[in-house]
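First the structure, in the form of structure tokens, and then the observations on it.
Positions are given from 1 along the sequence. What you see below is based on every heavy atom in this structure, not just the backbone, and it leaves out hydrogens, waters and symmetry mates. Counting convention: from 1, in listed order, for ligands and their atoms alike.
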Amino acid sequence: MSEDRLADILGEAAIGDTPLAWVGMEGIDLPLQMAGQSLAAKADAGVSLDDPEARGIHMSRLYLALERLAGRDLTLPRLREVLAHFLDSHHGLSQQAFLDLSGEALLRRPALISPLAGWKAYPMAIRTRLTPAGFEARLALSIGYSSTCPCSAALARQLIQERFDRDFAEQDTVESRAMRDWLGGEQGIVATPHSQRSQAHLALLLAPDTETLPVAEVVDRAEAALGTALQTAVKRVDEQAFALANGQNLMFCEDAARRLHRALRDQPGIEGFSLRVVHAESLHAHDAVARSQWNWQEG
Ligand SMILES: Nc1nc2c(ncn2[C@@H]2O[C@H](COP(=O)(O)OP(=O)(O)OP(=O)(O)O)[C@@H](O)[C@H]2O)c(=O)[nH]1
């Protein structure tokens, strides 16, 4: 049957006269490129339906516009172009266009000391809007790290001191070799502080003139601020360096949140952010969480 003879009830008048804030599709599979890496992404694409008389939007037109992103390096100008096409293809129907993309950024990360490297996936999402107020892009990223509790470390040190007092109770002075041997034995670490895998969830408002997504730059800055990023390739020399990093970066969730707040305030191209750190404490069954934000409106 020729196209023009196909039924098209979308052309009929709406049942009722209610504009709709968001109409579109969620969970569209889309291959993207970012910093030379392929990304298997999911897209949520939509527009507002502002014409109260219109029955529905033209979903195929949104779907087909996404093809402009497939397999091409993901940049904000390209995302803005797709949103503009959403509106052009819904002229008279829609004033706002929405495109959210989610996936995992795969970054190669070097070992701490050895000349090795490995891959780590960073869950990410890009949320873009084109409305009469203009274009807005937000980048969300999750970064794993290790946190060791400062209070638990202090309590462990006390127990080590008490054990030392007990083991050398009879001696007024302790010969350094005996002390060194004692420190090198299991009794020298009779108690250990609790540490746990932790997550930093960052949501960033990008400057409208941003070209490429600053994923690697934000990951580098956040992991440098925390000092205890989860590792990829690890030899014993790397594991020892990781133990030192944890000992030198004891962190409550408040400490991690403050470190990230300061780091993101200095990140070029960021106009606001919201962050949340989650320490999945090995001490108890619930998490220790801290939140912080700057120049941020939940949208
Ligand atoms: N608006 C809307 N369309 C839907 C929905 N579910 C399925 N569709 C279908 O989406 C298909 C694509 O709609 P359009 O993009 O208008 O397709 P079309 O009319 O062939 O293409 P155009 O000529 O560009 O309008 C239609 O066959 C709709 O029936 C829905 O809930 N809302």
Side-chain angles (χ1 to χ4, degrees), residues 1-35 37-105 123-142 201 203-206 208-213 215 274 297-299:
M1 180 181 290
S2 71
E3 276 236 354
D4 54 6
R5 297 197 50 218
L6 292 173
D8 185 3
I9 64 167
L10 283 175
E12 290 174 4
I15 304 165
D17 58 357
T18 310
L20 299 172
W22 195 102
V23 183
M25 296 154 283
E26 292 183 347
I28 302 168
D29 291 311
L30 194 61
L32 298 176
Q33 290 286 329
M34 197 183 63
Q37 298 292 338
S38 299
L39 204 69
K42 293 285 187 186
D44 298 345
V47 291
S48 57
L49 183 50
D50 303 292
D51 175 357
E53 301 299 316
R55 176 75 189 271
I57 69 163
H58 302 282
M59 292 201 177
S60 67
R61 300 179 193 176
L62 306 186
Y63 186 93
L64 295 172
L66 295 177
E67 198 56 29
R68 299 166 183 230
L69 299 174
R72 300 175 70 189
D73 217 30
L74 195 59
T75 65
L76 288 197
R78 270 206 187 109
L79 285 164
R80 183 172 188 150
E81 181 196 312
V82 169
L83 288 169
H85 186 81
F86 281 9
L87 294 179
D88 292 345
S89 67
H90 283 75
H91 184 69
L93 290 180
S94 309
Q95 291 178 18
Q96 303 191 50
F98 314 96
L99 178 56
D100 296 350
L101 301 168
S102 58
E104 289 192 335
M124 60 171 277
I126 304 135
R127 178 187 181 277
T128 57
R129 303 287 180 267
L130 185 59
T131 71
F135 174 69
E136 180 189 274
R138 296 184 184 204
L139 171 65
L141 267 176
S142 293
H201 302 293
L204 313 171
L205 177 61
L206 301 179
D209 60 353
T210 304
E211 282 268 337
T212 54
L213 293 162
V215 172
S274 170
Q297 297 290 329
E298 287 302 340

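In this structure, a donor-acceptor pair under 3.5 Å is absent between the side chains of His90 and Arg61. Between Thr128 and Glu136, the side chains place no donor N or O within less than 3.5 Å of an acceptor N or O (distance only, hydrogens not considered).
Looking only at side-chain heavy atoms (C-beta outward), Leu66 and Leu99 come within less than 4.5 Å of each other. Between Leu69 and Arg78 there is a side-chain heavy-atom pair separated by less than 4.5 Å.
An N or O contact shorter than 3.5 Å is missing between Gly56 and ligand 1 by distance.
Taking each of Ser89, Ser60, Ala54 in turn, the one with a heavy atom nearest to atom 14 (P) of ligand 1 proves to be Ser60. When the heavy-atom distances from atom 3 (N) of ligand 1 to Met25, Arg61, Met59, His58 are ranked, the shortest goes to Met59.
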